[in-house]
Protein chains: 2
Amino acid sequence: MTDTRWLDEHEQRTWRGFLGLQRQLIGQLNRQLQVDSGLSLADYDVLVQLTDTPEGRLRPFELQTELQWEQSRLSHHLTRMQRRGLIDREECADDGRGAFVVLTDAGRSAITAAAPGHVDTVRRLFFDRLTPQQLATLQQVSDQVLGSD
Amino acid sequence: MTDTRWLDEHEQRTWRGFLGLQRQLIGQLNRQLQVDSGLSLADYDVLVQLTDTPEGRLRPFELQTELQWEQSRLSHHLTRMQRRGLIDREECADDGRGAFVVLTDAGRSAITAAAPGHVDTVRRLFFDRLTPQQLATLQQVSDQVLGSD
DNA sequence: CCGGTGTGGATGACACATCATCTACACCGA
DNA sequence: TCGGTGTAGATGATGTGTCATCCACACCGG
């Protein structure tokens, strides 16, 4: 570790901008969901995955790969969602270690009620403010930063 | 609220990509800081602000406008940082309600030790993977999304 | 001088995320 | 069939973020 190449003024602005952007966006989305539907962004993501399956049921590890969450975060979050009646856990016959997460009726109506408002908000705060070129660049950026890992 | 314009496949990819990008990046930065210096990204940001002043002291509300944090988050975070000896609180003579946050010696050495590794990581994970054009676009994007509020 | 309103800041309760660790079962090779 | 290793998942501790609320003082008009 020789001399550090510090960020110049412009780089700092870009970096702070990016951090601010994400915090602001996530914050507003969370608030909108919370106020309008009593859900968090995390709840929403879980429910979307479950809704995307025909039976509304998934193994936790499948959810985990879809969501790219840490295993323990998922487990804790499922516990909280179960306590609120949004999902339920069932035993898995095939694999004695495993479990199933199933969407409850309450969970299904929660996501159904929440989705339109959430999508509108995403459009309003994000897509509507950006040009197709900018969106294309963002896509590239995500791929490049995430891809090389 | 008429019919919802759902996100098409491509928009979903862009949106998920953005969310994934920010989570991944913030996560790795936090881990690097934590492991190498015992600091969080939030600690780092507070310490940077304090270091940027000649006396290493700021009023909490000044910190708040710099960091764009919620007041209560700041207050809680300062409490935790004080408990760890990174900062200290002092009374403010001018304003009976107010307080000062002052950088301790431990705080100063922590940020000094942490900065090079952190900046290197930001470069490695972010700047080094993006072209100047992409960075310029990101800058625009932040401004547009944040600006119109 | 006094009451109302505004502002600086702290606090408790609670949801969330991460780490370390643990249990139970599956799977595989000797 | 038995022991080791890997995998599915839960849990406790702790740090973090948000909301609602509160207190103390400042400031301002009467």
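Keep in mind that the numbers below use all heavy atoms, side chains included, and drop hydrogens, waters and symmetry copies. Letters A, B, ... are given to chains in the order of the sequence lines, protein chains preceding strands, and every chain is numbered from 1.
- In this structure, CG of B:Leu63 is placed 13 Å from C1' of C:dG9, rounded to the nearest angstrom.
- With sequence neighbours excluded, no residue forms a salt bridge (Lys or Arg N to Asp or Glu O under 4.0 Å) with A:Glu66.
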Criterion salt bridge (Lys or Arg N to Asp or Glu O under 4.0 Å) on A:Asp43 and A:Arg80, from CA distance to verdict
CA-CA 10 Å; A:Asp43 298 332; A:Arg80 290 189 295 262; over 6 Å; no
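- Regarding B:Glu90, its CD atom lies at a distance of 17 Å from the C1' atom of C:dG8, rounded to whole Å.
- Between the CG atom of A:Leu74 and the P atom of C:dC16 there is a distance of 13 Å, rounded to whole Å.
- When the nearest nucleotides of DNA chain C are assigned to A:Asp94 and B:Ser75 by heavy-atom distance, the more 5′-ward of the two goes with B:Ser75.
- Between B:Asn30 atom CG and C:dA17 atom P there is a gap of 13 Å when expressed in whole angstrom units.
- Residue-to-nucleotide proximity on DNA chain D shows that, of B:Glu70 and A:Glu62, the 5′-proximal contact is made by A:Glu62.
- Annotation: B:Asp8, atom CG; neighbour count of heavy atoms from other residues, nucleotides and ligands within 6.0 Å is above 12.
- Of all nucleotides in DNA chain D having an atom under 4.0 Å from a heavy atom of chain A, the first and last in 5' to 3' order are D:dG6 to D:dC19.
- As judged by a 4.0 angstrom heavy-atom cut-off over every strand, A:Arg80 is placed among the base-contacting residues.
- Nucleotides of DNA chain D nearest to B:Gln34 and A:Pro60 differ in position, and the one nearer the 5' end is that of A:Pro60.
- Atom pair A:Phe61:CZ and C:dC25:C1' shows a separation of 14 Å (rounding to whole Å applied).
- Put simply, CD on B:Gln82 is 13 Å from C1' on C:dG9, counting in whole angstrom units.
- At distances below 3.5 Å, not a single donor-acceptor pair connects side-chain atoms of B:Asp120 with backbone N or O atoms of B:Gly117.
- Counting non-hydrogen atoms under 4.0 angstrom, A:Asp95 reaches the backbone sugars and phosphates but no base.
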Report the C-alpha distance between B:Val101 and B:Arg59 in whole Å, list the side-chain angles of each, state the deciding distance to 0.1 Å, and finish with yes or no for side-chain contact (heavy atoms from CB on, under 4.5 Å).
CA-CA 6 Å; B:Val101 182; B:Arg59 299 286 301 271; over 6 Å; no
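- Within the 4.0 Å cut-off from OP1 or OP2 of C:dA10, at least one side-chain nitrogen or oxygen of B:Arg89 is found.
- Note on A:His76: a base of the nucleic acid sits closer than 4.0 angstrom, heavy atoms only.
- Computed from coordinates, the B:Glu91 CD to C:dG9 C1' distance equals 13 Å when rounded to whole Å.
- Within the 4.0 Å cut-off from OP1 or OP2 of C:dC16, at least one side-chain nitrogen or oxygen of A:Ser40 is found.
- Rounded to an integer number of Å, the gap from B:Arg73 CZ to C:dA13 C1' is 18 Å.
- For residues 96-110 of chain A, proximity to DNA chain C is found at A:Gly96, A:Arg97, defined as any non-hydrogen atom under 4.0 angstrom from a strand atom.
- Under a 4.0 Å N-O distance rule, the pair B:Asp143/A:Arg13 qualifies as a salt bridge.
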Steps toward side-chain contact (heavy atoms from CB on, under 4.5 Å) verdict (A:His77, A:Ser40)
CA-CA 11 Å; A:His77 204 90; A:Ser40 67; 4.1 Å; yes
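- Salt bridge annotation for A:Arg16-B:Asp45: present, with a cationic side-chain nitrogen under 4.0 angstrom from a carboxylate oxygen.
- Within the 4.5 Å cutoff, no side-chain heavy atoms of B:Glu11 are placed close to those of A:Val122.
- At least one donor-acceptor pair closer than 3.5 Å links the side chain of A:Arg129 to the backbone N or O of B:Val145.
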